[in-house]
2 protein chains.
Amino acid sequence: MHKEHTLTKNQQIIFDLIDKSPEPMKAYSILFNVQKKGIKAPLQVYRALDKLVEIGKIHKIESRNAFIACHNSSCQVANATAFSICEVCEKVTEISSVGLSKYLANFKDKDGMKYSKYNLEFFGLCKKCR
Amino acid sequence: MHKEHTLTKNQQIIFDLIDKSPEPMKAYSILFNVQKKGIKAPLQVYRALDKLVEIGKIHKIESRNAFIACHNSSCQVANATAFSICEVCEKVTEISSVGLSKYLANFKDKDGMKYSKYNLEFFGLCKKCR
DNA sequence: TTACATAATGTTATATTATAACAATTTAAT
DNA sequence: ATTAAATTGTTATAATATAACATTATGTAA
Ligand SMILES: [Zn+2]
Ligand SMILES: [Zn+2]
Ligand SMILES: [Zn+2]
Ligand SMILES: [Zn+2]
């Protein structure tokens, strides 16, 4: 139920880098890492990032201005994201909880407004750092 | 249960501005608006913003890099924030739902990890824009 | 009230994150 | 082949945020 997008050259290079990274990557760190592959300018990075976010292959961690690959089976839920963030080591994990996503998808505010999209970031200490 | 912080001069100036604003304010817009009051440098603004966020008088809307005053009775819940954001007119509202905050405060991930803090941003269309 | 610690301020410079504008090229559908 | 849409390349610049250091104000304890 989920169109396959063939990534372009720049998109593929940048996705591969993020996907291999154990931690979220920042745009200029990405840029530095792909310069040897011919991607020379910030805009080339940001354009690829925008597209990858749009199709759900990666997510932006808003509180960190950083990007991680989706590990939720190429996110059918690019519009419903939840992360846990360790405030000590900065480890970020994508949360996939059926309960949570159902609860949030159905959440209505006082005016009965429903939302088409959400992003949730939890903060705390990871196992290691506890 | 909630210490009163006496705001300093810069903090008060900047809080008042944000508090009066009908929409989230960005740091450099704040700077522009308080220059006539003697606050001349970005750092003066960011320092006040940091403190105001810390004590829960304002919140940062991460996806917008903007700040709004807390309307949740000077937020006992600075560590548990939820907002609705209209993707057309950019209106932002702080959500205060007992059900939601209870659900999220008690949420545990697969590893049984509980979190000390969260930020949730919902996106959709506000009443006007629907 | 003096001494000390802590917090806030002022200032300059700089780092980091992100987009504007425009030309050229590639891709995919008629 | 024609055309529209998407992607790329490139330079310049805008927007967001912090480093470093000197100074002043505020609170607390002897
Ligand atoms: Zn995902
Ligand atoms: Zn950790
Ligand atoms: Zn609040
Ligand atoms: Zn609206």
Side-chain angles (χ1 to χ4, degrees), chain A residues 3-18 21 23-68 78 85 87 90 92 119 121, chain B residues 3-18 21 23-68 78 85 87 90 92 119 121:
Chain A
K3 192 185 172 227
E4 278 311 318
H5 289 268
T6 313
L7 301 185
T8 65
K9 185 168 134 277
N10 288 2
Q11 289 162 12
Q12 189 70 57
I13 290 169
I14 287 171
F15 175 73
D16 287 344
L17 179 67
I18 297 172
S21 171
E23 67 229 357
M25 293 196 77
K26 308 198 131 214
Y28 277 73
S29 160
I30 292 167
L31 175 58
F32 178 81
N33 276 277
V34 297
Q35 276 178 332
K36 45 184 167 298
K37 303 216 169 171
I39 296 175
K40 287 171 191 162
L43 241 199
Q44 295 175 284
V45 172
Y46 280 103
R47 284 196 284 224
L49 290 174
D50 285 350
K51 192 68 189 179
L52 291 167
V53 166
E54 185 192 322
I55 65 181
K57 298 283 288 181
I58 65 173
H59 303 303
K60 182 173 187 181
I61 309 301
E62 293 287 357
S63 66
R64 299 299 186 261
N65 298 317
F67 300 84
I68 65 170
I85 302 172
E87 289 187 296
E90 293 292 323
V92 174
N119 179 56
E121 298 182 3
Chain B
K3 193 187 169 226
E4 278 310 318
H5 289 268
T6 313
L7 300 185
T8 64
K9 187 168 132 279
N10 287 2
Q11 288 162 14
Q12 189 70 58
I13 290 169
I14 287 171
F15 175 73
D16 287 344
L17 180 67
I18 296 172
S21 171
E23 66 229 358
M25 292 196 76
K26 309 199 129 211
Y28 277 74
S29 160
I30 293 167
L31 175 59
F32 178 82
N33 276 277
V34 296
Q35 276 177 332
K36 46 184 166 300
K37 303 216 167 169
I39 296 174
K40 288 171 190 160
L43 201 44
Q44 296 174 284
V45 172
Y46 280 104
R47 283 196 285 225
L49 289 174
D50 286 349
K51 192 68 188 181
L52 291 167
V53 166
E54 185 192 323
I55 64 182
K57 299 282 288 180
I58 64 171
H59 303 302
K60 182 173 186 181
I61 309 301
E62 293 287 357
S63 66
R64 299 299 187 262
N65 299 317
F67 300 85
I68 65 169
I85 302 172
E87 288 187 297
E90 292 293 322
V92 174
N119 179 56
E121 299 182 2

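Chain letters run A, B, ... following the sequence lines, proteins first and then strands; every chain starts at 1.
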[X] [atom1] to [N] [atom2], straight-line distance once rounded to whole Å:
X	N	atom1	atom2	answer
A/L31	C/dA15	CG	P	16 Å
A/F32	C/dT16	CZ	P	13 Å
B/Q12	C/dA8	CD	C1'	15 Å
A/L7	C/dT27	CG	P	14 Å
B/Q35	C/dT11	CD	C1'	14 Å
A/F67	C/dT16	CZ	C1'	13 Å
B/R47	C/dG10	CZ	C1'	7 Å
B/K40	C/dA13	NZ	P	15 Å

(message) Taking the nucleotide of DNA chain C with the nearest heavy atom to each, does B/L43 or A/D50 sit closer to the 5' end?
(response)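 Checking each residue's closest nucleotide, the 5'-ward one belongs to B/L43.
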With side chains defined as the heavy atoms from C-beta onward, is the minimum distance between [X] and [Y] less than 4.5 Å?
X	Y	value
B/I18	B/L49	yes
B/E62	B/E121	yes
B/N65	B/K60	yes
A/V34	A/N10	no
B/Q35	B/L31	yes

(message) By nearest heavy atom, map A/T8 and B/Y46 onto DNA chain D; which one lands nearer the 5' end?
(response)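 In this pair, the answer is A/T8.
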(message) With heavy atoms of chain B within less than 4.0 Å as the criterion, where does contact along DNA chain D begin and end?
(response)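 The protein-touched segment is D/dT16 to D/dA20.
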(request) Starting at OG1 of B/T8, measure out to CZ of B/R47 and round the result to the nearest 0.5 Å. (result)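 Here the rounded value is 10.5 Å.
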(message) Quick one, A/I85 with A/S63, criterion side-chain contact (heavy atoms from CB on, under 4.5 Å). Give me CA distance, side-chain angles, the key distance, then yes/no.
(response) CA-CA 10 Å; A/I85 302 172; A/S63 66; 3.7 Å; yes
(message) Whether B/Q44 contacts C/dT11 is assessed here as follows: a side-chain N or O lying under 4.0 Å from the phosphate OP1 or OP2. Is that the case?
(response)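 Checking C/dT11 against B/Q44, no side-chain N or O comes under 4.0 Å of OP1 or OP2.
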(message) With a 4.0 Å limit, can you tell me whether B/N65 has a side-chain N or O closer than that to the phosphate oxygens OP1/OP2 of C/dA18?
(response)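 Indeed not, no polar side-chain atom of B/N65 lies that close.
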(request) Could you give me the CA-CA distance, side-chain angles and deciding distance for B/L52 and B/L7, then say whether side-chain contact (heavy atoms from CB on, under 4.5 Å) is met? (result) CA-CA 9 Å; B/L52 291 167; B/L7 300 185; 3.9 Å; yes
(message) Could you work out how much the helix from C/dT1-D/dA30 to C/dT30-D/dA1 bends, comparing the axis of its first five pairs with that of its last five, to 10°?
(response)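 Rounded to the nearest 10 degrees, the bend comes out at 40°.
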(request) Could you check B/I68, B/N33, B/I14 and say which one makes a side-chain contact (heavy atoms from CB on, under 4.5 Å) with B/M25? (result)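 That would be B/N33.
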